[in-house]
S.K.: 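Encoded as structure tokens, here's the structure I'll be asking about.
Order of listing sets the numbers, starting from 1, for every ligand and every atom in it. Start at 1 with the first residue, then count along the sequence.
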Amino acid sequence: MKNNLFVLLLVALGLPAAAQATGPLSASLGNVKLTFALNAARQPTYAVAYGKKPVVNASRLGIAFEGGAGFDGPLVLTGSEVKNVDETWEPVWGEVKSIRNHYQQLTVHLRQPAAPGRRLDVVFRVFADGVGFRYEFPRQLALGNFVVSDELTEFALPADHQAFWIPGDYDTNEYLYTKSRLSAVDNSQQVKSSSDIAVRVAPDAQAVATPLMLKADDGLYLNIHEAAQVDYPAMQLHVDGASHRLTARLVPNAVGSKAFLHAPSRTPWRTLIVSDNAPDILASKLILNLNEPSKIKDTSWIKPMKFVGVWWEMQIGRTDWKYAESADTLDAKGQLIPTGRHGANTANVKRYIDFAAAHHIAGVLVEGWNVGWEDWFGNWKENVFDFVTPYPDFNVQQISDYAKSKGVQMIMHNETSGSATNYEQHLDTAYQFMNKYGYPAVKTGYVGRIIPRGEHHDGQWMSNHFVRVAEMAAKHRVAVDMHEAVRPTGLARTYPNWMASEAGRGNEYNAFSIGNPPEHETIMPFTRLMGGPMDYTPGIFKLQGYSANPARRVQTTLAKQLALYVTLYSPLQMAADLPENYAQHLDAFQFIQDVPVDWDDTRILAAEPGDYITTVRKAKGKDEWYLGSITDENARQQPVKLSFLPPGRRYEAIVYADAPDADWQKNPAAYQITRQVVTSKSVLLLKLAPGGGAAVSFKPVAGR
Ligand code: NOJ
Ligand code: CA
């Protein structure tokens, strides 16, 4: 308020710009301090420090418009406010029962002198573990419709940090991570496609996607991403290797514009999570806190669950999604000629339902059940699927009845083959169909180029589409798991039925490509999962020899597949392997059967991106704890103090560990299961094989 008056006074006195306020203004919480100022050219800048260490040096802010007079030139600082918020909220599901949202907010008011009356606010929220900020365009006469041509946000890093990065591709995040200095970022040789060919993926060889994980030589860990990406394209970062300056790069629409907006509106939050301790990055709730509370009032129908599915068998080429050889080839009676390899047939589906029922797995996903798969891949065709017409050998009524009789829930699959317009036309009927047959959840997919117009998966149009799908699903009380969607930004807080997304390189790459090296899963939580749960599809037990191509193999041990149920969080979590492969190792499957998908508490006990992660979680509403510990290609000994257990109680620890001779390359399936009684004073020494892991369940000993 004081600032407002001061500037009004200056303007009234007709004083030159040089006499007007330029800051600095600041906000801080704990170790984190944010400073805002106009620079010598009167452009807005911000800087962030963690204790005495600079995190981001003075960096530009601004938004450029098509047609000029955006907020890119010199601006006038007209005022500011600070407020403090400290509240606690409970997520519908998640890694913890309640979340503290504690921050100091600084709002800065700016004016564009070149377009009289045109105003912009920048809102900063400073948390104990980082900063979020966004641009807000208040309601104003001087700004109606406008088109963003560029966002000028910069992150001027003080040094050439280690980065864990994937290319800034406009359509996919399904890449392996490269660990390199920022100055060495070059995405032109990245391997993307299922055929493992190196392709030039982004027009900018120095563009990386977020979440971007960084480690400074002075011991600071820094994660850059965004929160609440709604009605705006995804932000990528252009890396200037020489200056260590990152610049926001917005994914364009089909004709090169970035965002169509109308005041009042606002951009997503830009997030910086910082700590001198890597586990704190994984424990951060900053991104969720920056999202709006649930828009769904009654959330009682939203239920986390595990599921099996008619899926991996298609991925490894044993069966197929399609029913017929081709949609145009008919036999003498005018019927489609079946391939004989159609996975989604009633008898096979019942086999999965039986397995789920026998092992208390709540759901069964079936892909390839509906007409269209003869024609889905690589064709830029609008109306491939109608989402309601089953193939002749998939008896939807019989399958729903059978599942119901066994207490199992069916999970719908809606592959759109990239035709988002077609999906939008069928959304209502598709979700009514799910309601009719009792499907509580749907997995969606967007393989291929997007219709309309070749919009990008990560652009503004699709970001709105994904929200429309989540809203329509909520209207029909259906949960969604989106594949090939834009990477999440914490929107599951606002749409708790949007339970999972893929948007990263999942276990499926082990089916059809060079696969995921052992370090991959130690990087994912620091990158892709910072925005929200991932449908990674863990739980492959037959780790090699599953594909016609002998080179295909899962690059972990079996015990590590179990540990992933704890280290990679998702409220919709698949047990991805075939029932017959689980039948070979039912003692190990017991961990998958037991492990929850909803938690009261989570502690990251040890973590280093690219090397190892040990996480322990407490089951929702139960005195049971589950631990997962994973390593990269190096064997490791991980001592674990059990001080997280409530004192004075005895628990049976069941340890699912790599056998002494286990090794992801030489002996991946060698595991051993041991039991012991422990207390909060005990220490477990977990021995992780190369590419290995360990999973532990802790249940109270009866009569304690
Ligand atoms: C890609 C998805 O990630 C995968 O899980 C699915 O099976 C195929 N698309 C087919 O929809
Ligand atoms: Ca995929």
Side-chain angles (χ1 to χ4, degrees), residues 169 171-176 192-195 307-323 341-344 348-349 352 363-379 381 384-387 390-391 394 411-420 422-423 426 430 441-451 457-458 462 466 469 480-488 499-513 515-516 520 524 528 533-540 546-547 552 554 568 570 572-578:
D169 187 313
D171 287 285
T172 181
N173 296 277
E174 297 180 10
Y175 288 96
L176 292 175
K192 160 173 98 164
S193 78
S194 48
S195 47
F307 62 101
V308 290
V310 182
W311 176 74
W312 183 246
E313 57 180 81
M314 282 92 119
Q315 294 288 340
I316 60 179
R318 180 190 286 198
T319 60
D320 208 328
W321 286 269
K322 64 176 186 271
Y323 168 77
R341 298 177 65 245
H342 182 226
N348 195 31
V349 172
Y352 282 79
V364 174
L365 164 77
V366 184
E367 295 199 1
W369 68 277
N370 60 323
V371 169
W373 290 88
E374 286 70 26
D375 207 13
W376 79 290
F377 192 78
N379 293 333
K381 263 180 82 169
V384 173
F385 296 107
D386 72 5
F387 313 98
Y391 279 127
F394 182 89
I411 299 178
M412 175 50 67
H413 185 231
N414 286 170
E415 172 60 56
T416 67
S417 65
S419 184
N422 182 48
Y423 195 37
H426 290 89
V442 58
K443 168 178 172 180
T444 60
Y446 297 85
V447 171
R449 284 190 80 179
I450 297 295
I451 301 176
H457 286 73
D458 294 356
M462 282 304 281
F466 297 128
V469 170
V480 211
D481 165 14
M482 299 191 196
H483 278 233
E484 293 84 46
V486 66
R487 78 282 185 275
M499 295 179 94
S501 298
E502 182 192 40
R505 185 164 163 126
N507 227 357
E508 68 185 37
Y509 274 76
N510 293 309
F512 53 69
S513 79
N516 302 338
H520 186 62
M524 289 305 253
R528 160 63 186 79
M534 178 171 183
D535 183 18
Y536 187 75
T537 68
I540 301 301
Y546 49 74
S547 163
R552 303 288 177 246
V554 176
L568 292 172
S570 181
L572 285 180
Q573 191 71 284
M574 191 171 197
D577 211 339
L578 313 176

S.K.: Between F394 and W369, how do the two ring planes meet: parallel, tilted or perpendicular, split at 30° and 60°?
M.R.: tilted
S.K.: Below 4.0 angstrom from a heavy atom of H413, which ligand 1 atoms are there? Numbered from 1 as shown, please.
M.R.: 11 (O)
S.K.: Out of M574, E174, H483, whose heavy atom sits nearest atom 3 (O) of ligand 1?
M.R.: H483
S.K.: Apply side chain to side chain donor-acceptor pair (under 3.5 Å) to N173 and list each qualifying residue two or more places apart in sequence or on a separate chain.
M.R.: none
S.K.: Considering the heavy atoms of W311, write down every atom of ligand 1 situated less than 4.0 Å from one of them.
M.R.: 4 (C), 5 (O), 6 (C), 7 (O)
S.K.: Got a donor-acceptor contact below 3.5 angstrom from the H520 side chain to the R505 backbone?
M.R.: yes
S.K.: For V447, take its heavy atoms, then give the atoms of ligand 1 lying under 4.0 Å from any of them.
M.R.: 1 (C), 9 (N)
S.K.: Does M314 have a heavy atom less than 4.0 Å from any atom of ligand 1?
M.R.: no
S.K.: Mind checking the CZ-OG spacing from R487 to S501? Nearest 0.5 Å is all I need.
M.R.: 11.0 Å
S.K.: For N370, is there any backbone N or O sitting under 3.5 Å from a side-chain donor or acceptor partner on H413?
M.R.: no
S.K.: Number the atoms of ligand 1 from 1 as they appear, then name those within less than 4.0 Å of a heavy atom of Q315, with their elements.
M.R.: 4 (C), 5 (O), 6 (C), 7 (O)
S.K.: Find all atoms of ligand 1 within a distance of less than 4.0 Å from any non-hydrogen atom belonging to E502, and give their numbers and elements.
M.R.: 3 (O)
S.K.: Determine the interplanar angle of the W321 and W373 rings, folded into 0 to 90°, and report it as parallel if under 30°, tilted if 30 to 60°, perpendicular if over 60°.
M.R.: parallel
S.K.: Could you work out, with salt bridge (Lys or Arg N to Asp or Glu O under 4.0 Å) as the rule, every residue matching E367, not counting sequence neighbours?
M.R.: K443
S.K.: At a 4.0 Å cut-off, with the gap strictly under it, does some heavy atom of W373 reach an atom of ligand 1?
M.R.: yes
S.K.: Is there a nitrogen or oxygen of W376 sitting under 3.5 Å from a nitrogen or oxygen of ligand 1?
M.R.: no
S.K.: Within ligand 1, which atoms have a heavy atom of E415 less than 4.0 Å away?
M.R.: 9 (N), 10 (C), 11 (O)
